[in-house]
> 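This is the structure I have questions about; it appears just below.
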Amino acid sequence: MVSSLLPSSQPNLVVGFLFLLLLVDTTPFHGVGDLASSTSFFTINMTESKDEVEALLNWKSTLDNHSQSLLSSWRGNNPCGFSGVTCDDSKVVNTINLSDLGLRGTLDGLDFLRLTNLVRFELPYNSIYGSIPSSIGNLSKLNFLSLYSNELSGNIPPSIGMLKSLQCLYLVANNLSGRIPQEIGWLDSLLILGLSKNQLSGPIPASLGKLGNLTQLGIRNTNIYGSIPREICDLRNLQELYLYENRLSGSIPWEIGRLTSLEVLEIFNNSLTGPIPASIGNLSNLWDLNLGDNKFFGSLPSEFDKLTHLIYLHLFDNDLEGKLPKDVCLEGSLHSFGITNNHFTGPIPKSLRNCTSLVRVRLDGNQLIGDIIKAFGIYPHLNYMDLSHNHLNGKLSWKWEHCRNLTSFKISNNNIYGEIPPTFGRMAQLQRLDLSSNNLSGEIPREMGNLSMLLELDLSNTGITGNVPIEIGLLSHLLHLNLASNNLSGSIPAQLGSCMDLLSLNLSKNKFQRSIPPQIGNTQVLEVLDLSYNNLSGNIPGELAKLRNLHVLNISHNNVFGSIPLTFGGMLALTSIDVSYNYLEGPLPNIKAFNEAPFEAIQHNKGLCGNVLGLPKCNSIRSKKCNRCLGARIIVILILSFLGFVLFSCTLIIFIITNHRRRRIIRRDNNERATDLDFMRILSYDGKVFYDQIIKATEGFDSKYYVGEGAYGIVYKAEISEGQTVAIKKISPSQEDNEIIDLISFEREIQALTNLRHRNIVKFYGFCSHVKQYFLVYEYMERGSLRTTLNNDERANEFQWDKRVNMVQGVADALSYMHHECSPPLIHRDLTSNNILLDRDYESHISDFGTTRLLRPNSSNWTIIAGTIGYIAPELAYSTIPTEKCDVYSFGVVALETIMGKHPGNHVSRECSSSAQIESSMMLKDVLDQRLSTSRLSRRDAQDVILIAKLAFACLQADPRLRPSMRQVSRELHVQVPLETPLSTVSLEQLRNLNVGEFGAFTGDGKV
């Protein structure tokens, strides 16, 4: 009878029900209806509990063994006792929190249909991989979902839009790809949306503007592109907006002023442009504003002064101009202020003087004016101040001493004058001090030795005088010391040997005397040592050989004598040396740095020998000495033999013979020196002697010595002597070129080219003029031009990806050197694959630099369009004045040509108005040389090739102002992105089929 009262679908619960009656027999019985109701509730709970247990245990079984051991408490029939699992009052699972346990597995084995009562699901900081199952949309009661910092991949399922109760969605720091589904806009209850640090692409969906309750939106470092949709400005409750480190373009919507609740706006590191809208002044609650590293231009709107609650204000790396907002720290809350690399003018805002809240200030790279004593006050919390590269003046103030927490103080390249205050020695926390390129006077204060935490000290090009105080040796943590280009005198203090952590030491271009202190050899981690252009004398101390980490050694332009210590043969880390203009003699050390040194680095010494082009072989010197000794003995024997006979006659005969022999030797030595390739004196030679030597070496420019044709002549290979092979460019000038005969001004141009010292610029040895024929003498490159290599299938196959990447880096380094390290800056004007030459190791060397100007130093032709079709920057169609940005454009063409194996053709047509247009339409496989196997493209090479492609497109911007500088390109190419990035999970075949524009940075700081 009892069984008939139970639901017909649950006859198996009779025994359980009878047992329940025994337990509650003292409870008043209210009828059959109550009995049936309570029984149904009990059986439903039992069923749900069983489903939840099965779902959880089944998922546990799909995880790896270690993960299963971490969930050892997951056993039995009661899920409420499982670790990380919480139940509600009805014993139904409503929370799963397995944060930071190190679990590894997928979500595929988790049956969400059996967990429909979940309210919170948290799995952050684990190693969950695979895709997000679309069945997650069945968690209709879920209000908190966090899958932060896992290895999830694939698309975000559109079914996530079914989670109508969801308030917080964290998918940050995964490998999710594809577009952001517009269905996320259906989540009416959403308060926080975090999609940052993924590989998402495509635009921001306008549907996000429907999330009316949203307070925090983070889509940073995801590689999304397109403009910021105006619909975002409808999120009236939004307090924090993070869109930085993406590829967003276009301007900031004027409607941004509607976000009156906004407190944080960070959109730096994108390609946003246009002026900053005046409506931004409506964001009165804003305390964090970061618009840095974009392409904003124009002046700041006057409404900027309404932003009085700012704590963080960053506008760095834009093209902004005009004056700074005067009330930037009106309420005294500003902590960090960064406007680096803009064009701001005028004075420092007055509100900064008493802004005692300041912690970090970067105003460097602008055109600000004013007296620094009047502009700045005392800041008790300040730890970083950079005022470099402005037009500031005044003296260094004692006030800086009272900035007790200051760790970095940089004020280089201004008009600061006066002495360095001794009170600077009391800045106990100071780690970096850069006062370089100012107009200082006086000596280095001894008190500077008290800066025990100092890591970097740069006082170069300041005009300071006197001796270097011995207290400098107390700076035991010093890493970099630069005192170059001053009027320092006396001896180099031996106490520098106590700076055991020193990595670079530059004392060049001073008036130091006496010998090089051997104690410098105690700085055994030293990598760069430059003592050039001083009055140092004595021998090179053998103790310097202890510098086994030394990369660069320059002791040129001194009075150092003797031989180079044999112990230098163990300095295998050396890559660059310069010992020129001294009185050194004897053999060069037999290591790569000396054996491969350019002649300019060892020229003008007393008697060096070795295997360097331009130096005599050491063996030949020894044999000459032996021959002279033997000749002298013979003469002595002859004199003694005939001395007993006609003494006077024999003496006279010997005198005549000796004098005649001496004259012959002098003539022979003069001829040898005249024919030797001492190229730095090449213009001083008898033109006919050198001309005859060239004619002999090339057999009258026979075709068998033909190498190729450059932009301004035919190139021949000439072996002047054994082991000395050069390239001779023969020029037959037209009537117009007769200007070249005037060599007076022409010598200055040659000297400029011979002073170019860079491993990726072909060495220019000099010029020979004879009658109507002229020769340019260059270093010979074994593999010829880049174009020749790419046009030959066999050589192109040998020219693998790593070699191509290294070649592009070399060209970028050379152009950066020419544009930024030469004074005045030098422009190539005709960079093509035909005048980039490759040595036997495929190292790149730019040639034909300055040839046009060299050949016509006084010609108006310098302003005529020069260059090669397909490489010329588009602005030269309307402007005949070349700039360094013309070289940047040509570099972009060459970089693409290198990785494509052919000229990029239509990809650099003028119709492409921006690099983003090109990137979005081109697959990576479209920019890879099809002759090279993809299987030979390593992941490191893949990342480097991707970077080259992206930089190349940036260099091809039609607007020269939007192109990067070659210094920026060079630095980017040398930054090693760690392989532990989301890119490392993408197969090489997938890489080939992705857009070039779909690769971004893979780093972040943990925000949504």
Side-chain angles (χ1 to χ4, degrees), residues 7 9-17 19-20 39-154 157 159-160 162-163 165-166 168-171 174:
S9 61
Q10 302 291 338
N12 57 332
L13 295 180
V14 174
V15 176
F17 180 72
F19 181 69
L20 179 63
T39 303
S40 297
F41 176 77
F42 176 78
T43 56
I44 290 172
N45 279 354
M46 290 285 290
T47 301
E48 288 183 347
S49 176
K50 181 179 179 182
D51 287 346
E52 291 168 348
V53 168
E54 288 183 357
L56 295 175
L57 292 181
N58 286 342
W59 180 54
K60 173 187 173 182
S61 67
T62 66
L63 303 177
D64 68 5
N65 292 335
H66 177 66
S67 301
Q68 292 184 38
S69 66
L70 295 173
L71 301 179
S72 58
S73 66
W74 284 28
R75 59 179 183 270
N77 296 321
N78 181 15
C80 303
F82 293 2
S83 60
V85 177
T86 305
C87 298
D88 60 15
D89 294 338
S90 303
K91 306 301 181 183
V92 173
V93 174
N94 66 355
T95 299
I96 297 177
N97 187 344
L98 302 175
S99 304
D100 200 13
L101 291 181
L103 301 177
R104 182 163 187 80
T106 71
L107 293 176
D108 295 336
L110 185 56
D111 188 353
F112 290 110
L113 285 171
R114 297 187 177 191
L115 298 167
T116 54
N117 290 297
L118 271 183
V119 176
R120 295 179 69 93
F121 185 40
E122 302 178 58
L123 276 178
Y125 300 105
N126 285 288
S127 298
I128 306 300
Y129 57 91
S131 60
I132 301 175
S134 60
S135 61
I136 201 169
N138 292 296
L139 303 179
S140 57
K141 298 180 182 179
L142 199 67
N143 61 39
F144 191 99
L145 174 60
S146 176
L147 301 176
Y148 190 111
S149 191
N150 279 283
E151 300 172 11
L152 294 166
S153 58
S159 62
I160 211 157
M162 299 170 60
L163 307 178
S165 300
L166 200 62
C168 297
L169 175 59
Y170 290 102
L171 302 179
N174 282 283

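Computation of the quantities below employed the complete heavy-atom set of this structure, encompassing side-chain atoms and omitting hydrogens, waters and symmetry-equivalent molecules. Quick caveat: nothing in here was measured; it's all calculated off a predicted structure.
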> Calculate, to the nearest 0.5 Å, the distance between atoms CG and OG belonging to Leu101 and Ser127 respectively.
11.0 Å

> For Val119, does its backbone N or O pair with a side-chain atom of Thr95 as donor and acceptor, under 3.5 Å?
no

> Using the disulfide bond (SG atoms under 2.5 Å apart) rule, collect all pairs that involve residues 73-148, keeping only residues at least two apart or in two chains.
Cys80-Cys87

> For the atom pair CG (Leu139) and CG (Leu113), what is the distance rounded to the nearest 0.5 Å?
8.5 Å

> Do the non-hydrogen side-chain atoms of Val85 and Glu52 ever get within less than 4.5 Å of each other?
no

> Test side-chain contact (heavy atoms from CB on, under 4.5 Å) on Leu145 and Ile136 and set out the steps.
CA-CA 10 Å; Leu145 174 60; Ile136 201 169; 3.9 Å; yes

> Between Asn126 (side chain only) and Pro124 (backbone N and O only), is there a donor and an acceptor less than 3.5 Å apart?
yes

> Is it the case that the side chain of Thr62 and the backbone of Gly109 share a donor-acceptor pair, with hydrogens and angles ignored and the cut-off at 3.5 Å?
no

> Find out whether Leu98 and Leu71 are in side-chain contact, i.e. whether some heavy atom of one side chain is under 4.5 Å from a heavy atom of the other.
yes

> Looking at every heavy atom in both Gly102 and Ser67, which two are closest together, and how far apart are they?
O-OG, 4.1 Å

> Mind running side-chain contact (heavy atoms from CB on, under 4.5 Å) on Phe112 and Leu142 for me, showing each step along the way?
CA-CA 11 Å; Phe112 290 110; Leu142 199 67; over 6 Å; no

> Evaluate the criterion side-chain contact (heavy atoms from CB on, under 4.5 Å) for residue pair Asp88 and Asn117; output intermediate values, then yes/no.
CA-CA 10 Å; Asp88 60 15; Asn117 290 297; 5.7 Å; no

> Any heavy-atom pair between the side chains of Val93 and Leu118 that's under 4.5 Å?
yes

> Side chains of Leu107 and Trp59: closer than 4.5 Å at any heavy-atom pair?
yes

> Is the shortest side-chain heavy-atom distance between Leu169 and Leu163 below 4.5 Å?
no

> Can you name the residues that form a ring-ring contact (aromatic ring centres under 6.0 Å, His included) with Tyr129, not counting sequence neighbours?
none

> Taking only residues two or more places apart in sequence, or in another chain, which ones meet Trp74 in a ring-ring contact (aromatic ring centres under 6.0 Å, His included)?
Phe82

> Look up atom CD in Glu122 and atom OG in Ser146, then write down how far apart they are to the nearest 0.5 Å.
6.0 Å

> Taking all atoms of both residues into account, what is the closest heavy-atom pair of Ser72 and Lys60, and its distance?
CA-NZ, 4.2 Å

> Looking at every heavy atom in both Ser61 and Gln68, which two are closest together, and how far apart are they?
O-NE2, 3.4 Å

> How long is the span from the CG atom in Leu166 to the NZ atom in Lys141, to the nearest 0.5 Å?
15.5 Å

> Using modelled atom types and a 3.5 Å cut-off, is there a donor and acceptor pairing between side-chain atoms of Asn150 and backbone atoms of Tyr148?
yes

> So do Asn143 and Arg120 actually touch side chain to side chain, heavy atoms under 4.5 Å?
yes

> Any non-hydrogen side-chain atom of Leu147 less than 4.5 Å from a side-chain atom of Leu152?
yes

> Of all heavy-atom pairs between Leu63 and Gly105, which one has the smallest distance, and what is that distance?
CD2-CA, 3.8 Å

> Just wondering, do Asp51 and Asp111 contact through their side chains at under 4.5 Å, heavy atoms?
no

> Mark yes or no for whether Asn174, through its side chain, and Glu151, through its backbone, hold a donor-acceptor pair below 3.5 Å.
yes

> Give a yes-or-no answer on whether the side chains of Asn97 and Ser99 include a donor-acceptor pair shorter than 3.5 Å.
yes

> Locate the shortest heavy-atom distance separating Met162 from Gly137; write the atom from each residue and the value.
CB-O, 3.6 Å

> Is there a donor in the side chain of Asn138 and an acceptor in the side chain of Ser135, or the other way round, less than 3.5 Å apart?
no

> To the nearest 0.5 angstrom, please state how far the CG atom of Leu110 sits from the CG atom of Asn58.
9.5 Å

> Working to the nearest 0.5 Å, report the span between CG of Leu56 and CZ of Arg114.
10.5 Å

